[in-house]
Amino acid sequence: MTTEAKTSFTPRVLSGMQPTGNLHLGNYLGAMVNWVKMQATHETLYCVVDLHAITQAISVWGGPNELRRAIRDVTAAYLACGLDPKKSAIFNQSQIAEHSELAWVFNCVARIGWLDRMTQFKEKAGKDKEKASVGLYDYPVLMAADILIYKATSVPVGDDQKQHLELTRDIAQKFNIDFADSIREQGFGDAYFPLPDPMISGPATRVMSLRDGTKKMSKSDPSDLSRINLTDSAEDIAKKIRKAKTDAEGLPTEATGLKGRPEAENLVGIYAALDGNSVEGVLKQYGGGQFSTFKNALADLAVAKLAPIAGEMNRYIADPGYIEGVLKDGANRARAIAAPVMADVRKIMGFV
Ligand code: TYM
């Protein structure tokens, strides 16, 4: 029997994005679209994970002025994409000290062997692992704390975060087992933390680079043509799609015909996700036709869906007082959940 079986938890959603560089189409389709939807059905908390942003070299996150700007810009992007501060708590992670405090406790629960398996650390640290920050290695433990300090049960993310969510579940499970007696003695039932479910859904859970269909679309790709930024103008969006790499064949009529054609598969997935359709539905409409026709349709769709977001973002960025108010209010709401959870954890652990 799992530790979850006997204890029920309030359904609650938490997710976050890093304030480094611009948000892009991968962030939007892989995560944000689901964040917005879940506001209608769940209690939702969305944070700007500024403590995660500093895990890379200063040259990557840009230093204090850039961090301040990026926190506000990402908040503006959240609002422009449709997060509603009346429905969701929108806040930046560093305002809630309990994230870091719980991360320390989890550092002593998680095992080095578990972290050694994390593929994102290997990718980000590259060949020179000795020069990576300790924070980069520990990044997934802080992420587990972000989620569990709110006892979140559901975490909408892109496919690349799956392994981190598995680690979060392992940490929650080990905490529940290691401290089972104390959890019961303190009156918290059979398990203190839920085992949160990753919510990875839709036709674009892994959006690939527009220049190379085998590489993930990412903020760190040196080519700006590889991604569509949420701040791109209508002209740039259309240009990037027209220039997107494709192979020589036309579009297949069945999804199986996309196998081994990563660029075509990516563009069809992007179309489907932007249109709220399925890959099969898109191929029914465009399969058998020329790629250039499909690309024109995709460019029009992407401009129609994404260009207004950039406009809205600029409107919010022009009002930093409003953004700060949203973050402050969100932090107050988040703290009201996080503080009692941390107090419980201190009790369970035996801190006096
Ligand atoms: P970040 O900022 O790298 O990414 C934010 C979200 O965007 C998704 N994503 C993608 N989805 C599809 N295709 C892509 N090419 C693509 N690129 C990024 C990511 O999966 C993510 O959902 N570690 C997290 C931040 C984090 C977090 C958390 C998330 C910190 N604490 C707690 C959830 C819960 C991250 O990678 O962010």
Side-chain angles (χ1 to χ4, degrees), residues 12-36 38 44-56 60-61 70-71 73-74 77-78 81 91-94 96 99-100 102-103 106 118-121 123-124 135-136 138-169 171-172 196-221 226-230 262 265-266 269-270 273-274 334 338:
R12 186 177 288 148
V13 171
L14 176 121
S15 200
M17 294 195 189
Q18 293 190 60
T20 40
N22 290 316
L23 296 191
H24 54 70
L25 186 64
N27 302 129
Y28 181 71
L29 294 180
M32 183 56 78
V33 171
N34 289 327
W35 292 18
V36 173
M38 292 183 100
T44 43
L45 297 114
Y46 295 120
C47 64
V48 177
V49 291
D50 46 8
L51 295 172
H52 278 110
I54 63 166
T55 54
Q56 288 192 279
V60 176
W61 61 271
I71 292 167
D73 285 6
V74 169
Y78 282 9
C81 288
F91 62 101
N92 54 314
Q93 184 192 29
S94 63
I96 314 292
H99 288 237
S100 308
L102 186 61
F106 285 170
M118 295 295 115
T119 54
Q120 189 164 298
F121 173 76
E123 279 159 24
K124 285 198 175 164
L136 187 67
D138 202 30
Y139 175 118
V141 175
L142 177 59
M143 182 164 159
D146 297 339
I147 297 166
L148 294 171
I149 196 69
Y150 302 102
K151 293 184 157 186
T153 51
S154 190
V155 187
V157 283
D159 179 67
D160 60 340
Q161 296 302 308
K162 202 169 170 186
Q163 197 184 33
H164 290 161
L165 260 297
E166 279 158 14
L167 182 91
T168 300
R169 291 169 65 92
I171 290 174
D197 287 320
M199 199 218 157
I200 302 171
S201 73
T205 56
R206 194 176 185 83
V207 178
M208 308 309 276
S209 155
L210 299 179
R211 306 304 297 162
D212 177 351
T214 63
K215 270 184 14 197
K216 194 177 73 171
M217 183 178 285
S218 114
K219 295 168 190 175
S220 54
D221 193 313
S226 71
R227 68 185 155 262
I228 294 177
N229 304 300
L230 294 187
E265 188 173 17
N266 189 36
I270 291 173
L274 282 173

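Each ligand, and each atom within it, is numbered from 1 in the order the structure gives.
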Going by the atom numbers of ligand 1, which of them fall below 4.0 Å from some non-hydrogen atom of Thr205?
-> 11 (N), 12 (C), 13 (N)

Report, in ascending order of atom number, the atoms of ligand 1 lying under 4.0 Å from any heavy atom of Leu14.
-> 32 (C), 34 (C)

For Gln18, the atoms of ligand 1 under 4.0 Å from one of its heavy atoms are 2 (O), 3 (O)

Atom indices of ligand 1, in the order listed, that fall short of 4.0 Å to a heavy atom of Val155 = 33 (C), 34 (C)

Which ligand 1 atoms, with their elements, are less than 4.0 angstrom from a heavy-atom of His52?
-> 30 (C), 31 (N)

If you measure from each heavy atom of Lys219 to ligand 1, is any distance below 4.0 Å?
-> yes

Indicate, as side chain, backbone, both or neither, the part of Val157 found under 4.0 angstrom from ligand 1 when only non-hydrogen atoms are considered.
-> both

For Gly158 and ligand 1, does the shortest N/O to N/O distance drop below 3.5 Å?
-> yes

Would you mind checking which non-hydrogen protein atom is closest to atom 28 (C) of ligand 1, with the distance to 0.1 Å?
-> Met143 CG, 3.4 Å

Evaluating non-hydrogen atoms only, which member of Gly26, Pro156, Pro19, Gly30 is closest to atom 10 (C) of ligand 1?
-> Gly26

Give the residue, atom name and distance (to 0.1 Å) of the protein heavy atom nearest atom 31 (N) of ligand 1.
-> Asp146 OD2, 2.7 Å

Looking only at protein heavy atoms, what sits closest to atom 13 (N) of ligand 1 is Val207 N, 2.8 Å

For ligand 1, which atoms sit closer than 4.0 Å to a heavy atom of Ser15?
-> 29 (C), 33 (C), 34 (C)

Numbered atoms and elements of ligand 1 in range of His24, under 4.0 angstrom, heavy atoms | 17 (N)

Within 4.0 Å of some non-hydrogen atom of Lys216, the atoms of ligand 1 are 15 (N)

Quick one: does Gln161 get an N or O within less than 3.5 Å of an N or O on ligand 1?
-> yes

If you have a sec, work out which protein heavy atom is nearest atom 23 (N) of ligand 1 and how many Å separate them, to one decimal?
-> Tyr139 OH, 2.6 Å

